[in-house]
Amino acid sequence: MSELPPIHLTLDGQPITVEPGSTVAVAIAIADIPCRTSITGEPRGPLCAMGICFECRATINGIAHRRTCQVVCEPGMDIVTQ
Amino acid sequence: MNSAADVVILGCGIVGAATALECARAGMSVTVVEQDTPGSGATAAGMGHIVVMDDSPAQLALTTYSRSLWNQLSPELPASVEYNRSGTIWVAADDDEMAEVHRKLACYAQAGVTAEAINPNELSEAEPNLHPALAGGLLVPDDAVLYPPAAARFLMDQARRHNARLVYGRCLSAARGEVLLEDGTRLHAGILVNATGAVSPELTPGISVKKRKGHLVITDRYPNFLNHQLVELGYLKSAHSTTADSVAFNVQPRLTGQILIGSSRQFDAEDNQVDRGIVADMLERAALYMPAIAGLSALRIWSGFRAATPDKLPLIGPTEDPTLFLATGHEGLGITTSLATAHLLTDHLLHRPSTIAPEPYLPSRLAVGAAHV
Amino acid sequence: MSYPVQPEHFQTLVVGAGPAGIAAAVSAAEAGSRVALIDDNPEPGGQIWRAERNHPGPDVTHGGNAARWRNRLAAVPVTRLQGWSVFDQPEPMTLRAEREGVAADFSADRIILATGARERFLPFPGWTLPNVMGVGALQAMVKSGLPIRGKRVVIAGSGPLLLAVAHTLHAAGANVVAIAEQASLASLAAFTASLATSPAKLLQGLRYKAATLGVPYHTGSWPLRAHGTGRVTSVVLSLKERTHEIPCDYLACGFHLVPNIELPAMLGCRIEDGFVAVDDLQHTSVSGIFCAGETTGIAGLEASLLEGEIAGLAAANRTAKAQHLVPRKQAASRFAARLARAFSLRPELKSIPQDNTIVCRCEDVTLDALRPHPTWRAAKLHTRCGMGPCQGRICGSATAFLLDWNPGSVRPPMLPTLVSSLTSTEAPD
């Protein structure tokens, strides 16, 4: 099976590239930054990776609080960590 | 088990807790009876606003007085109470409502309440997410919001510092100086205070308190989405209506950036299940005033019962039973007027002059079984 | 006032596209029922059969004849509702779900709930650091594209999942430096003994499996704290009487599984000992509603598949055929009790979190703020623990163990839902 081309998207204003089929949570993890900041200011990333803990929330294409572990990266996506 | 105290207060909601604190501070020995956990009734279900309202001169006096008491107390409130002097903007949808804004402005000015009329541009600047086609509003900067269960708990904790006791149990009867609990405990006191909110007629049959169901929705965090508490001027019409179900636009920011969305009012709704239809109406109305609300993530929906009286004023004061007093019937102003209620009642018990005239809130003003108009 | 459009109606609606849900949907459809399969992930497969990126699910490289089930699913006319999140039941036998801001109603004559299980997380100092996550979670992230080659991974917690994931990660090139299983050697030996083969051999087998990875498999060991700034850099494990600090890039830590009973509970199904109560044919206490898989008892893949088949057949009124499978299911389920016993959580785990350890991650509520309260309900009201977006799923499972609390009833919305979905429903695409 031929490899699909990599996907270009924007993360916190910076252009990044990921392998097709990667989730947004993975894209954020590869960039080595947290998905969100907690109420008391702690950096947070995915805990359950299955859509239950809500720690992986980030803003995707202007919509806040998307569970990034359940969203597959698409070309041109704009991701902003919270 | 027999227990004697000066005062037994039934219900540790915000009104009961505030009353406990005032009585205890005045040197009375106080026992509070709570069937669940402090602040778990209407106190937990409400929006937690501290707001001046002018539905009547008596309401204006009570809310103004009580708001000033909250402002004085605010430096002592712990972070868990989330006190936030966000201010209120009464939002006018059209010229008629803008006229109402000016009427209110004059009324507030007379009562010494700081307020200012704002035009559509100023409204947009103050609240960018409001629909642009509104007519303006009335800004009341000294109104505030807080998290009521934490406030009730704080007041009760303060009362305990003055030796008040909190007893857990369900009250079966309270009359003639004796309170009977479900487990057989009897408490005796010269003064009993019914502060049980929407269920107060169960303990004191015949008082003019009816349940008025409300719903709330809270969203996830959207910092800077909302700065002030916002209320539509039609809120008063909704609060006024007695038989129809009604909703009114009323939103409030939490310090975390979450938005509390209300409000709904229903008579003749006895169960506490969430009513999807009225929640849909309420959210649609909110989205009418703030279109971006439609895109917010809602975390929780809940309902509760306000204690409504025929004239929209609480019952604070004596009953025909010389040992039994009422501190109930606060409808949507329980948080706001809890502190004033406590002061008025304690003043009465100690034969002290009150800061405001107590007559409009005396239970005796309402004939038994007065119709809710 | 918005009124929902006429809901889309099916004979059988299956919620959850993990192994149990897939087996249920296939069995009902093959028996002639008009079936819909609804799941909130991008691809079917649930957790254990989670799809690798770029490969449509379920993951056929895993065991349990996943390939065969995938083919059977592809061969039947099941309406696939992937990416839909169920959040409410507006009336009996009608589920309301949301997908990308649009809500729709789905009604059915029979509903089969196969909502699976989630990992149990227990708090310890440093557990909120990025790159500390569940065991299945790290596997899921790797399947979704997380590069793990050459990364140092410590796997901790409890359950057979630890070794299974260690293998997957090792195969993906990770440097699995240690596995810390909290169950004692004695517990595990008893478990392996109960599997009716030579106990010594099986115990050897466990250690052999670990040894083939070149990974120390510590029993009676658990994490005490994780260190790091901005992300985890090391974990301190308790090891017999000593402690051992291990540098790592990822700490995968999960303590067995907790069933996702929120939807069954919201629908009124009776819950017993934390699981949905079902009879032999997977009927719940609510007429017309079935439940299959881990939600009825943590018993592993084979039991989930059998329960799914039974529920699907029973929902399609093939009760004789369903009954035929019951003895095999019962045998597979007996495994569940032994599993629970072997890996039961030891009380020492209750003392790992410190006073200032966060327990509720949504609202950042620490253990000392929770302790004064007698019940979950009182704590929730006064500290806001459980009032965040996870709706108490993570902290509720933790406090059930730490403080013996019972989490309260479930109210809609069962998951955070957009306001627009609470005001109107539209016809699904």
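In what follows, every chain begins at residue 1, and chains take the letters A, B, ... in the order their sequences are listed.
Between A:Cys53 and C:Arg361 the shortest side-chain heavy-atom distance does not fall below 4.5 Å. Contact of the A:Cys56 side chain with the C:Met141 side chain is not registered, since no non-hydrogen atoms from C-beta on lie closer than 4.5 Å. Between C:Leu129 and A:Arg44, every side-chain heavy-atom pair lies at or beyond the 4.5 Å cut-off. The shortest side-chain heavy-atom distance between A:Val71 and C:Glu100 does not fall under the 4.5 Å cut-off. Side-chain atoms of C:Met133 and A:Cys48, non-hydrogen and from C-beta on, never get closer than 4.5 Å to each other.
Put simply, of A:Ile30, A:Val72, A:Ile39, the one with the most heavy-atom pairs under 4.5 Å next to chain C is A:Ile39. Of the listed residues (A:Cys69, A:Pro43, A:Gly51, A:Gly45), the one with the most heavy-atom contacts under 4.5 Å to chain C is A:Pro43. Looking only at heavy-atom pairs under 4.5 Å with chain C, the residue among A:Ala49, A:Ala25, A:Cys35 that has the most is A:Ala49.
Interatomic distance, A:Ser38 OG to C:Ile358 CD1, rounded to the nearest 0.5 Å: 5.5 Å. Taken from CD in A:Glu55 to CD1 in C:Ile394, the straight-line distance is 8.0 Å, to the nearest 0.5 Å. To the nearest 0.5 angstrom, A:Ile33 atom CD1 is 10.5 Å from C:Arg231 atom CZ. Atom OG1 of A:Thr23 and atom CG of C:Asn41 lie 11.0 Å apart (nearest 0.5 Å).
Of all heavy-atom pairs between A:Ile52 and C:Cys390, the closest is O-CB, 3.4 Å. Minimum interatomic distance between A:Leu47 and C:Phe121 (heavy atoms only, all atoms of both residues): O-CZ, 3.6 Å.
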task = Please lay out, stage by stage, how C:Arg50 and A:Met50 fare under the test side chain to side chain contact (heavy atoms under 4.5 Å, CB included).
result = CA-CA 10 Å; C:Arg50 176 180 288 268; A:Met50 56 183 282; 3.8 Å; yes
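With a threshold of 4.5 angstrom between heavy atoms, C:Arg393 approaches chain A through side-chain atoms but not through N, CA, C or O. Of the atoms belonging to A:Gln70, heavy atoms from both backbone and side chain fall under 4.5 Å from chain C. Of the atoms belonging to C:Gln391, not a single heavy atom falls under 4.5 Å from chain A. In this structure, no portion of C:Leu418 lies under 4.5 Å from any heavy atom of chain A.
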